[in-house]
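To start, the structure itself, in structure tokens.
To find a chain, count down the sequence lines: A is the first, B the second, and so on, and within it residues start at 1.
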Number of protein chains: 2
Amino acid sequence: MTTDPRTLEHELPPDEELLPGEVRRPDHRSERPKRVAQTVAAARKVLEDEGPGAVTMRRLADELGIRAPSLYKHFESKAAVELAVIEDAMFDIGDVTHRAIREIGAMGPLLSLLTAYRTYCLSHPNLYRLATSGHLPRESLPPGLEDWAGNPWFVITGDPHLAQALWSFAHGMVVLELDDRHPPGSELESTWRAGAVAFERLAAQKQGDGSGWDA
Amino acid sequence: MTTDPRTLEHELPPDEELLPGEVRRPDHRSERPKRVAQTVAAARKVLEDEGPGAVTMRRLADELGIRAPSLYKHFESKAAVELAVIEDAMFDIGDVTHRAIREIGAMGPLLSLLTAYRTYCLSHPNLYRLATSGHLPRESLPPGLEDWAGNPWFVITGDPHLAQALWSFAHGMVVLELDDRHPPGSELESTWRAGAVAFERLAAQKQGDGSGWDA
DNA sequence: TGACAAGGCTAACGCTGTAAGCCATGCTAG
DNA sequence: CTAGCATGGCTTACAGCGTTAGCCTTGTCA
């Protein structure tokens, strides 16, 4: 059971509850006609349940009780269906990470963000892989979505380069874990903590002196 | 023009030239019959020049002047061809990174490793993606290859978890750069440096106190 | 000389995304 | 009320994919 990000919009916090540096959730580009919404929902479900190999136009059509060519009355191509799924996934990920930096627990903000990210990604492996690998047609996404989804990393570190580095670390860890690429017997909890410590120290120090990385 | 890792074996340094903690280059599993070698070479060339979409059994057969079904006299499946390419790529990457930690320049060992890794990966995008994403059938690789290829990260950091975290950072940076997933206008040099600094400090400190990450 | 393995070949299957064109339904303008 | 048109189904079909089955030629060796 996955939350539909489109239904969460009314739960947005008012402006005054935004953290310093935090950015508002963008609007969806447009309402989706029923058939489009059904197709995207089916695509997401089939993808998550049975993997990318199961997501074919004929299969999606089956889920709606129609024939594959009819889908082309609603989508230009299979890539367009996938893009819509990617869009939903990015809203999902943004919701999870924005929530993580607002509700920090005992482990501190940075590890809280990393843990939330990891937990979400591992429980939606196929969705995450689809959303984060391969070319992304930026101009077809709702404006501001990408920025908003990446914003928590900046809020946490207070520095654009550190944010980017931290997110890259998290992404690398997650994809390697999803593909079982870490050496067998790895103690991944410790690795996550090691990364968290490395960036935590630097972020704390960065706040103090305000120096750059170009020396 | 890419170096064939199979021809470099005689350039291995003798044992006494290994750095502390460094591991010896493993042997290849077996000699490849001529047709097999030709096919793998063609696959690598087509992949690097024209992308994964161009690597089809019919296309590879074309490169050898034969028909697609004949390839199945030499390979069990297309995946077997790809696995052989992956094996070569891992030898390549291992060679590059082992060389980087032996010939450190003015920038220090950690940034030297990161820079060498980045440079190689960016100049072989399709090869790198093939070698590092998706499921890897470990049991079909030459024994020790994976360990040897990942060994430089351990040598540089002196700690398995820090090594894994650093490599994940590098991998995340590279794949996001290859797919143009970093926000437009990113100053990636600074981001690489930020990551390098974060891990460098921790590695230096780690050598000192020998504490773990489990607190 | 006969047997056999190696390595080509063609034909074909089931799958994919997708184009072309037909047809029923329902809304809307004259 | 009816003509026209957009919407969204449908069938048929195509090219390309990985792969299988089965045939045939060539070279090697007993």
Side-chain angles (χ1 to χ4, degrees), chain A residues 29-87 126-127 129-131 133-137 140, chain B residues 29-87 126-127 129-131 133-137 140:
Chain A
R29 197 180 32 246
S30 61
E31 285 304 305
R32 289 173 178 165
K34 186 166 64 172
R35 270 309 196 212
V36 171
Q38 288 174 339
T39 308
V40 174
R44 177 173 180 157
K45 183 170 166 295
V46 172
L47 174 67
E48 296 207 51
D49 292 353
E50 304 170 46
V55 182
T56 70
M57 295 303 266
R58 283 169 179 84
R59 173 63 190 277
L60 297 184
D62 260 11
E63 297 282 322
L64 305 203
I66 63 176
R67 303 306 186 114
S70 301
L71 288 174
Y72 289 83
K73 301 287 180 174
H74 310 284
F75 294 90
E76 225 186 35
S77 64
K78 188 189 179 188
V81 181
E82 290 172 336
L83 181 63
V85 176
I86 291 173
E87 185 184 315
N126 294 310
L127 188 63
R129 262 186 286 244
L130 174 68
S133 57
H135 175 67
L136 181 70
S140 307
Chain B
R29 197 182 30 246
S30 61
E31 284 305 305
R32 288 172 178 167
K34 186 166 65 173
R35 271 306 198 216
V36 171
Q38 288 174 339
T39 309
V40 175
R44 177 174 178 154
K45 182 171 167 294
V46 173
L47 174 67
E48 296 208 50
D49 293 352
E50 304 170 45
V55 182
T56 70
M57 295 303 265
R58 283 168 178 87
R59 172 64 189 278
L60 297 185
D62 260 11
E63 296 283 321
L64 305 204
I66 62 177
R67 303 305 186 119
S70 302
L71 288 174
Y72 290 83
K73 300 287 180 175
H74 310 284
F75 293 91
E76 225 186 36
S77 64
K78 188 188 180 188
V81 181
E82 290 172 335
L83 181 63
V85 176
I86 290 173
E87 187 184 314
N126 293 310
L127 189 62
R129 262 185 286 242
L130 174 68
S133 58
H135 176 68
L136 180 70
S140 307

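- Partners of A:Leu83 under the side chain to side chain contact (heavy atoms under 4.5 Å, CB included) rule, at least two apart in sequence or in another chain, are A:Pro137, A:Ser140, A:Leu141.
- A heavy-atom distance below 4.5 Å is not found between the side chains of A:Val40 and A:Glu87.
- Contact check, A:Arg67 against D:dG9: no side-chain N or O comes under 4.0 Å of OP1 or OP2.
- Taking every heavy atom of both residues into account, A:Arg44 and A:Leu127 meet most closely at NH2-CD2, 3.5 Å.
- Spacing between atom CZ of A:Phe75 and atom C1' of D:dT7 amounts to 16 Å, rounded to whole angstrom units.
- For B:Leu60 and D:dG18, the CG to C1' distance is 12 Å, given to the nearest whole Å.
- Taking CD1 of A:Ile66 as the start and CZ of A:Arg35 as the end, the distance is 5.0 Å to the nearest 0.5 Å.
- In this view, B:Arg58 and B:Thr56, B:Ala68 satisfy the side chain to side chain contact (heavy atoms under 4.5 Å, CB included) rule, not counting sequence neighbours.
- Scored by the side chain to side chain contact (heavy atoms under 4.5 Å, CB included) test, A:Ala54 finds A:Val46, A:Glu50, A:Arg59 as partners (sequence neighbours excluded).
- Taking five base pairs at each end of the helix from C:dT1-D:dA30 to C:dG30-D:dC1 and finding the rotation axis that steps the C1' atoms of four pairs onto the next four gives two axes whose angle is 10°, to the nearest 10°.
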Interface polar pairs with nucleotides 12-17 of chain C, N/O, under 3.5 angstrom:
unit_1: C:dG17; atom_1: OP1; unit_2: A:Met57; atom_2: N; d: 3.3
unit_1: C:dG17; atom_1: OP1; unit_2: A:Lys78; atom_2: NZ; d: 3.2
unit_1: C:dG17; atom_1: OP2; unit_2: A:Met57; atom_2: N; d: 3.1
unit_1: C:dG17; atom_1: N7; unit_2: A:Arg58; atom_2: NH1; d: 2.8
unit_1: C:dG17; atom_1: O6; unit_2: A:Arg58; atom_2: NH2; d: 3.0

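- Taking every heavy atom of both residues into account, A:Val55 and A:Ala43 meet most closely at CG2-O, 4.1 Å.
- Minimum interatomic distance between B:Leu47 and B:Asn126 (heavy atoms only, all atoms of both residues): O-ND2, 3.2 Å.
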When every nucleotide of nucleotides 22-27 of chain C is labelled 5' to 3' by its protein contacts under 4.0 Å (heavy atoms), B for base, S for sugar-phosphate only, - for none, what sequence of letters results? ------
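- Per the geometry, CD1 belonging to A:Ile66 stands 12 Å off P belonging to D:dT11, to the nearest Å.
- The separation between A:Leu71 atom CG and D:dG9 atom P is 9 Å, rounded to whole Å.
- In this structure, NZ of B:Lys34 is placed 10 Å from P of C:dG7, rounded to the nearest angstrom.
- Contact between the side-chain N/O atoms of B:His74 and the OP1/OP2 oxygens of C:dG8 is found at a separation under 4.0 Å.
- Among all heavy-atom pairs drawn from A:Leu64 and A:Ala42, the shortest one is CD2-CB, 4.3 Å.
- Between the side chain of A:Arg32 and the backbone N or O of A:Ala84 there is at least one donor-acceptor pair closer than 3.5 Å.
- Put simply, the side chain of B:His74 does not reach to within 4.5 Å of the side chain of B:Thr39, judged on heavy atoms.
- Summarising the geometry, the separation between CG on B:Leu83 and C1' on D:dG18 is reported as 17 Å, rounded to the nearest angstrom.
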